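Notes for the one structure printed next.
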Amino acid sequence: MDGETLANQDFRILAQVDVDDVLTLSLGRGTGVPLLSMINNAQGKRKNMHLSWIETGDHLSMKVKKEDNREYSLETMQKAFKALIAKATADLEIKSLVFRCVQILMDTAHRPSVARSESDCALIQENRRNTLWYTYAPYKGTALVHPSLCTTSEERKVLERYLEDGTPWRGIPLLEGVPATLRNMAFCKELTAVDPKRWGDFLILSQALLMGFRDWTGDFLFSKILWKILPNKDFRTDDESLNEILVSGREFFLRLVAYLRLYPVLNKIAVELVIDEKESADEAGFKRRDKFEMILKYQTSRKYILTRYISDAPQIALGMSPERSAPGEKGRLFMMPSAIWDEIVEACSLGGEKDPQFAAYSAIWAIEMGQWIERLRPCF
């Protein structure tokens, strides 16, 4: 439950839904991110939280009388959330903000990262990796875009029509310079037409960020920034505002780009919750290859140990466990064919030197984003 209350806010009710005679859901907003009120009509009480409650909740129990509770299943709550969000986003002002958020997310997903020298294409700096379109743009000569994503056979056919031989790799030439976003380029539009599902969740993501679902910062900083900046009609061309969005939304965009980059192979990765990750890996015939740390900032910068395992069979596994586990807390084991891992490493290299650690991070980020989207989907 979120400790934020409705007191001392310039508060406006965005939507309200009666689930039954006991439970009413009310979504309202003051100066920050919208808050959900679960109102117990039988008791005359309410509890305030964000819509992100449903990301981890599996049911709701409301006290009706001293020894009588009313139970609500996850499916019931998802339907109620869907009705609540539909009412809230029907407001013309909010609908406009959602549309602007879609534009920002699409612009950022197709934002190129630019290198000016060939050496920067061989050894790519960490702060330039979060892109699907790594671009070599020398001060003299034509810029070349390196598609840095796993592709299906149909998508490869599209890209092959645009790729040309060049230095330092085959790429898509940008004859009129490098725009701020490539989403309106012909090859991006064709890729969207080939696989609409891969690129089709921007509306859900925008509504989720603005309505109070997780924004991957841990304290809704990114969502608060969006509410602050999106009402500005020049939000897409104001460099200061755009930078504020990119900085505050870094953890979100890391996962969004990773998800879009690896989308075609995510269904080839099996995820298991395990008590003892090493023991489970040993039982499955894996041997440890290397180990590194991963910090999840949305969990208050909690540190995880990420281990890569290999086996005699053409298969690899990534084990992920908290550095300090709570009693009964489970780790995760991600298993995939070696060929899929090789494809992930290649896509995450952006045409430069291969980096298994960044590839492992990207796979985790992509899976997290994919699971989150599927958890949200019934609410939209």
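Starting from 1, each residue takes its place in the sequence as its number. Since the structure is predicted, the reported quantities are computational estimates derived from the model, not experimental observations.
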Between [Y] and [X], is the closest basic N to carboxylate O distance under 4.0 Å?
X      : Y      : value
Lys330 : Glu272 : no
Arg324 : Glu329 : no
Arg116 : Asp120 : no
Arg377 : Asp201 : yes
Glu160 : Arg156 : no
Arg183 : Asp107 : yes
Glu154 : Lys157 : yes

Given 3.5 Å as the limit, does a donor-acceptor pair link the side chain of [X] with the main chain of [Y], or not?
X      : Y      : answer
Trp227 : Leu210 : yes
Gln43  : Val64  : yes
Ser113 : Arg129 : no
Asp355 : Gln357 : yes
Thr131 : Arg111 : yes
Lys87  : Gln16  : yes
Arg198 : Leu260 : yes
Arg255 : Ala258 : no
Thr192 : Cys188 : yes
Arg12  : Gly28  : no

Test side-chain contact (heavy atoms from CB on, under 4.5 Å) applied to Ser148 and Leu132, step by step: CA-CA 5 Å; Ser148 304; Leu132 303 174; 5.6 Å; no
Consider side-chain contact (heavy atoms from CB on, under 4.5 Å). Of Lys291, Glu277, Gln315, which one does Tyr309 pass it with? Glu277
Run through Leu23, Asp21, Val19 and flag the one making a side-chain contact (heavy atoms from CB on, under 4.5 Å) with Arg70.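 For Arg70, the side-chain contact (heavy atoms from CB on, under 4.5 Å) test succeeds with only one of Leu23, Asp21, Val19, which is Asp21.
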Under the criterion side-chain contact (heavy atoms from CB on, under 4.5 Å), I'd like the reasoning laid out for Leu35 against Leu27: C-alpha separation, chi angles, the key distance, then a yes or no. CA-CA 6 Å; Leu35 273 175; Leu27 189 66; 6.0 Å; no
So, do [X] and [Y] sit near enough that their side-chain heavy atoms are less than 4.5 Å apart?
X      : Y      : value
Glu164 : Arg170 : no
Lys224 : Asp215 : no
Phe286 : Leu333 : no
Lys95  : Thr89  : no
Leu36  : Leu25  : yes
Lys189 : Asn184 : yes
Trp341 : Ile316 : yes
Met336 : Ile344 : yes

Geometric class of the Phe81/Trp53 ring pair [parallel <30°, tilted 30-60°, perpendicular >60°]: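 Trp53 and Phe81: tilted rings.
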Indicate, with yes or no, if [Y] and [X] share a hydrophobic cluster defined by side-chain heavy-atom contacts under 4.5 Å among Ile, Leu, Val, Met, Phe, Trp and Tyr.
X      : Y      : result
Tyr72  : Leu74  : yes
Met294 : Ile305 : no
Met49  : Ile39  : no
Ile367 : Met335 : no
Leu14  : Met38  : yes

So with a 6.0 Å cut-off around CD of Glu71, is the heavy-atom count from everything else above 12?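 Yes, because the 6.0 Å sphere around CD of Glu71 holds more than 12 heavy atoms from other groups.
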Residues, nucleotides or ligands: over 12 heavy atoms within 6.0 Å of Asp312 CG: no
How long is the span from the [atom1] atom in [X] to the [atom2] atom in [Y], to the nearest 0.5 Å?
X      : Y      : atom1 : atom2 : result
Gln207 : Leu51  : CD    : CG    : 11.5 Å
Ile269 : Leu262 : CD1   : CG    : 7.0 Å
Ile104 : Phe202 : CD1   : CZ    : 12.0 Å
Met369 : Leu266 : CE    : CG    : 11.5 Å
Lys228 : Ile245 : NZ    : CD1   : 10.0 Å
Phe380 : Gln78  : CZ    : CD    : 11.0 Å

Write down the atom of [X], the atom of [Y], and the distance for their closest heavy-atom approach.
X      : Y      : answer
Trp169 : Tyr134 : CH2-O, 3.8 Å
Ile229 : Ser241 : CD1-O, 3.5 Å
Pro231 : Arg100 : O-NH1, 3.1 Å
Ile124 : Leu350 : CD1-CB, 3.5 Å
Leu256 : Leu105 : CD2-O, 4.4 Å
Asp276 : Lys278 : OD1-N, 3.2 Å

Side chains of [X] and [Y], donor plus acceptor under 3.5 Å:
X      : Y      : value
Asn41  : Thr24  : yes
Trp133 : His146 : no
Ser52  : Arg214 : no

Are Phe253 and Phe222 close enough, and set up right, to give a ring pair (Phe, Tyr, Trp, His ring centres under 6.0 Å), and what steps lead you there? CA-CA 11 Å; Phe253 288 124; Phe222 181 35; 5.5 Å; yes
Quick check on the 6.0 Å ring-centre criterion: do His50 and Phe220 meet it?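 Ring centres of Phe220 and His50 closer than 6.0 Å.
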May I ask you to check whether Tyr259 and Trp372 place their ring centers less than 6.0 Å from one another? no
Excluding sequence neighbours, so at least two apart, what forms ring pair (Phe, Tyr, Trp, His ring centres under 6.0 Å) with Phe358?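 Partners of Phe358 by the ring pair (Phe, Tyr, Trp, His ring centres under 6.0 Å) criterion come out as none, since no residue qualifies.
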